[in-house]
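I have placed the structure first, in the form of structure tokens, so that the comments after it can refer back to it.
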Amino acid sequence: MINKPINQLCEEAYEIAKSKGWHDEPRETGTLLALIHSEVSEALEADRKGNQENFEEELADVCIRIFDLCGSKNIDLEDAIHTKMERNKGRSYKHGNKAY
């Protein structure tokens, strides 16, 4: 198993996508977010079908799409995750009585 920092994965995902032509022209953030959403939908469908292997692959695709977006925008995702997790620790139980 290879352990790499999240920001390195972001750089790699972006460079791979770029080398395959996915960034030849500027892409708007909405398009990149829609691609992330499509991978989430594919994961949902795999889970509905009970296909664990495909479910895991689609979750990986979700992360790769997020990493690509962050790499393309030079977002420090690792710091953003740590910051948000610390913030979440201070939230109340179900913060606002949300059902989910």
Side-chain angles (χ1 to χ4, degrees):
M1 176 185 223
I2 300 171
N3 291 316
K4 295 181 180 179
I6 291 170
N7 289 337
Q8 184 178 347
L9 293 171
C10 293
E11 291 172 21
E12 286 183 26
Y14 172 64
E15 289 302 323
I16 291 169
K18 189 173 156 186
S19 75
K20 302 300 179 187
W22 296 112
H23 291 283
D24 285 351
E25 296 179 16
R27 300 173 88 182
E28 66 176 26
T29 303
T31 298
L32 297 172
L33 290 171
L35 290 168
I36 293 165
H37 185 272
S38 71
E39 298 297 350
V40 172
S41 295
E42 290 174 7
L44 174 61
E45 190 61 27
D47 185 59
R48 285 179 174 160
K49 291 179 179 179
N51 187 336
Q52 183 67 24
E53 183 178 342
N54 186 239
F55 178 66
E56 292 172 11
E57 184 175 315
E58 296 303 339
L59 290 179
D61 283 342
V62 170
C63 293
I64 290 166
R65 291 283 190 185
I66 291 170
F67 295 164
D68 174 42
L69 170 62
C70 292
S72 72
K73 296 192 172 291
N74 294 312
I75 293 171
D76 184 341
L77 183 59
E78 199 163 347
D79 183 63
I81 290 170
H82 289 295
T83 299
K84 181 62 175 174
M85 289 179 74
E86 285 301 312
R87 185 177 302 143
N88 286 347
K89 286 178 185 178
R91 288 186 162 188
S92 61
Y93 184 78
K94 292 191 178 180
H95 52 284
N97 293 321
K98 295 178 182 177
Y100 53 92

Point-to-point distance, once rounded to the nearest 0.5 Å, from [atom1] of [X] to [atom2] of [Y]:
X     : Y     : atom1 : atom2 : answer
Asn54 : Glu42 : CG    : CD    : 8.0 Å
Ile36 : Cys63 : CD1   : SG    : 10.0 Å
Lys84 : Asp79 : NZ    : CG    : 13.5 Å
Glu57 : Asp61 : CD    : CG    : 6.0 Å

Output a table of donor-acceptor pairs, distance under 3.5 Å, between side-chain atoms of residues 2-16 and any protein atom two or more places apart or on a different chain; print 'none' if there are none.
from, atom 1, to, atom 2, distance (Å)
Lys4, NZ, Glu12, OE1, 3.1
Lys4, NZ, Glu12, OE2, 3.0
Asn7, OD1, Leu77, N, 3.1
Asn7, OD1, Glu78, N, 3.2
Asn7, ND2, Asp76, OD1, 2.7
Gln8, NE2, Glu12, OE2, 3.1

Q | Chi angles and distances behind the side-chain contact (heavy atoms from CB on, under 4.5 Å) call for His37, Ser41 | A | CA-CA 6 Å; His37 185 272; Ser41 295; 3.5 Å; yes

Q. According to a 4.5 Å side-chain heavy-atom criterion applied to Ile, Leu, Val, Met, Phe, Trp and Tyr, with indirect links allowed, do Leu44 and Val62 form part of one hydrophobic cluster?
A.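 Each belongs to a different hydrophobic cluster.
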
Q. Does Leu33 share a hydrophobic cluster with Ile75, counting links as ILVMFWY side-chain heavy atoms below 4.5 Å and allowing steps through other members?
A.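 No, Leu33 does not connect to Ile75 through the hydrophobic network.
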
(Q) Checking Arg91 now: which residues fulfil salt bridge (Lys or Arg N to Asp or Glu O under 4.0 Å) with it, not counting sequence neighbours? (A)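 In terms of salt bridge (Lys or Arg N to Asp or Glu O under 4.0 Å), with neighbours along the sequence ignored, Arg91 is linked to no residue.
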
**Q.** salt bridge (Lys or Arg N to Asp or Glu O under 4.0 Å) involving Lys89 - partner list, sequence neighbours excluded
**A.**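 Expected list: Glu86.
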
Q) Considering only heavy atoms from C-beta outward, does the side chain of Glu58 approach that of Asp47 to under 4.5 Å? A)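 Glu58 does not reach Asp47 side chain to side chain.
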
Q. Below 4.5 Å, heavy atoms only, C-beta onward: do Ile64 and Glu39 meet side chain to side chain?
A.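 The answer is no; the side chains never approach within 4.5 Å.
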
Q) Sub-3.5 Å donor-acceptor pair from the side chain of Ser38 to the main-chain atoms of Leu35, do we have one? A)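 Pair found, side chain donor or acceptor close to backbone of Leu35.
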
**Q.** Test item: Arg27 side-chain N/O and Leu32 main-chain N/O as donor-acceptor pair under 3.5 Å
**A.**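 Checking the backbone N and O of Leu32 against the side chain of Arg27, no donor-acceptor pair under 3.5 Å is found.
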
